[in-house]
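Only a predicted model underlies this, so the values are computations on that prediction, with no experimental measurement involved. Just so it is clear: chains get the letters A, B, ... in the order the sequence lines come, proteins before strands, and each one is counted from 1. The figures that follow rest on heavy atoms only: side chains count, while hydrogens, waters and symmetry mates do not.
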Number of protein chains: 2
Amino acid sequence: MDAYEAVFSALAHPARRRILMTLNFERGSMSAGAIAGVFEHSWATTSRHLRVLEDAKLIRSESDGRNRIYYIEYKRFDLLRDWLAWFSEGTGGTK
Amino acid sequence: MDAYEAVFSALAHPARRRILMTLNFERGSMSAGAIAGVFEHSWATTSRHLRVLEDAKLIRSESDGRNRIYYIEYKRFDLLRDWLAWFSEGTGGTK
DNA sequence: AATAAATTTAGCACATAAGCTAAATAAAAA
DNA sequence: TTTTTATTTAGCTTATGTGCTAAATTTATT
C-alpha cells in the first residue's frame, strides 16, 4: 500500500493522534498497557489503534518480556513534512 | 467540530489529496468542472469531496456566474505544520 | 419564456472502520 | 506446572464514508 495512504488514514482518527501525542509527551516510548491506561476505550480497541499506527510506520515496537514497548518513529513524520512542502505559499507547487 | 479533526479526516481520502495537488498545480484556483474533469469519479462524488475540503477550510469557493471557483487556502496548512512541530526529533515535544 | 450548462443535493447500496466482549497467546511468578 | 499478568486476535454489531444515479437548483443563452 501507498505510504501516504497509510500515514494519512492512520492520522485520521483522534484516538490515534492522541496516542502519538501521549507517546511523544513521554519522550517517545511507552508500554502498550501504559498507553491503554490513558484511554477510555477498551484495551483491545487501543491495541488495534496501535497496530494501525505501526502499519503506517509512525510507531514501532519491541517486546520486553510480557510487555510490548512502543516507540515513536520520528523520521516517519518527514513524509508529512515533504507532502506539506508542496503547499508552501508562494512556491506555486515547487518544493 | 475540532479543526484538527476536520483537517485530518479531509486529508484521509486519496481523491481529496489529489484534488489539493491538482489545485496547487494549477496555481491555486480552478472551477468545479475543471476539477471534476480530472477525476474518474462522477461529478457528484467529486462535488462531495470538494465540500469536505471546504468544510475543513483547506479550500474556499466563490461563485462566478454558473461556475464555482475553488481556491486553495494555503494558510490552513499551517495547522498541520504546527501539529507536526510537536514531533520534531530532539525537541521532546516542545515546539 | 424555454432550454441548456454547471453544479449541488437527495437517497440508496455497499464497504470499511471502530467499538465491544470473549477467547487465545506468551511470558513471568508462585 | 498452574496461575497470573500483559497483550493481541477473532467475531460480532453499529456507525460512518463513498460511490452511484436521479432530481433539484442556479445562472446563462436563445
(message) In whole Å, I'd like the distance from the CD1 atom of A/Ile69 to the P atom of D/dT5.
(response) 18 Å

(request) With rounding to the nearest 0.5 Å, note down the distance linking CD1 in B/Ile35 to CZ in B/Arg18. (result) 12.0 Å

(request) Respond yes when some side-chain nitrogen or oxygen of B/Tyr70 is under 4.0 Å from OP1 or OP2 of C/dT8, and no when none is. (result) yes

(message) Once salt bridge (Lys or Arg N to Asp or Glu O under 4.0 Å) is applied, do any residues pair with A/Arg66, and if so which ones, sequence neighbours excluded?
(response) none

(request) Would you check if the side chain of B/Arg76 reaches a backbone N or O of B/Val7 as a donor-acceptor pair within less than 3.5 Å? (result) no

Acceptor/donor pairs from residues 47-59 of chain B side chains to any protein atom, 3.5 angstrom cut, sequence neighbours excluded:
{"unit_1": "B/His49", "atom_1": "ND1", "unit_2": "B/Arg16", "atom_2": "NH1", "d": "3.1"}
{"unit_1": "B/Glu54", "atom_1": "OE2", "unit_2": "B/Ser61", "atom_2": "N", "d": "3.1"}
{"unit_1": "B/Glu54", "atom_1": "OE2", "unit_2": "B/Ser61", "atom_2": "OG", "d": "2.8"}

(message) Expressed as a whole number of angstroms, how long is the span from B/Asp55:CG to D/dG17:C1'?
(response) 14 Å

(request) With axes from five pairs an end, tell me the bend angle of the helix from C/dA1-D/dT30 to C/dA30-D/dT1, nearest 10°. (result) 10°

(request) List the protein contact pattern of nucleotides 24-29 of chain D with one symbol per nucleotide (5' to 3'): B for base contact, S for sugar-phosphate-only contact, - for none; contact means a heavy-atom distance under 4.0 Å. (result) ---BSS

(request) Take nucleotides 17-24 of chain C nucleotide by nucleotide from the 5' end and write B, S or -, depending on whether a protein heavy atom sits under 4.0 Å from the base, only from the sugar-phosphate, or from neither. (result) -BBBBB--

(request) Give me the ring orientation class for A/His41 and A/Phe39: parallel if the planes are under 30° apart, tilted from 30 to 60°, perpendicular past 60°. (result) parallel

(request) In whole angstrom, give the distance that lies between atom CG of B/Leu50 and atom P of D/dG19. (result) 12 Å

(message) Quick check on the hydrophobic clustering: are B/Met21 and A/Leu80 connected, directly or via other members, by side-chain heavy-atom contacts under 4.5 Å?
(response) yes

(request) Report the distance from atom CG of A/Asp78 to atom OG of B/Ser88, rounding to the nearest 0.5 Å. (result) 9.0 Å

(request) Take atom CZ of B/Phe39 and atom P of D/dG19, then tell me their distance rounded to the nearest Å. (result) 11 Å

(request) Take the protein atom CZ of B/Arg68 and the nucleotide atom P of C/dT9, then report the distance between them rounded to whole Å. (result) 9 Å

(message) If I take atom CD in residue A/Glu62 and atom C1' in nucleotide D/dA6, what distance separates them, rounded to the nearest angstrom?
(response) 17 Å

(request) Apply side chain to side chain contact (heavy atoms under 4.5 Å, CB included) to A/Val38 and A/Thr46, showing your working. (result) CA-CA 10 Å; A/Val38 174; A/Thr46 298; over 6 Å; no

(request) May I ask you to list the residues sharing a hydrophobic cluster with A/Tyr71, side-chain cutoff 4.5 Å, ordered by chain and number? (result) A/Ile69

(request) Say whether, by atom type as modelled, one donor and one acceptor occur between the side chain of B/Arg60 and the main chain of B/Tyr70 under 3.5 angstrom. (result) no

(message) Any side-chain to backbone donor/acceptor pair from A/Arg68 onto A/Ser31? Under 3.5 Å, distance only.
(response) no

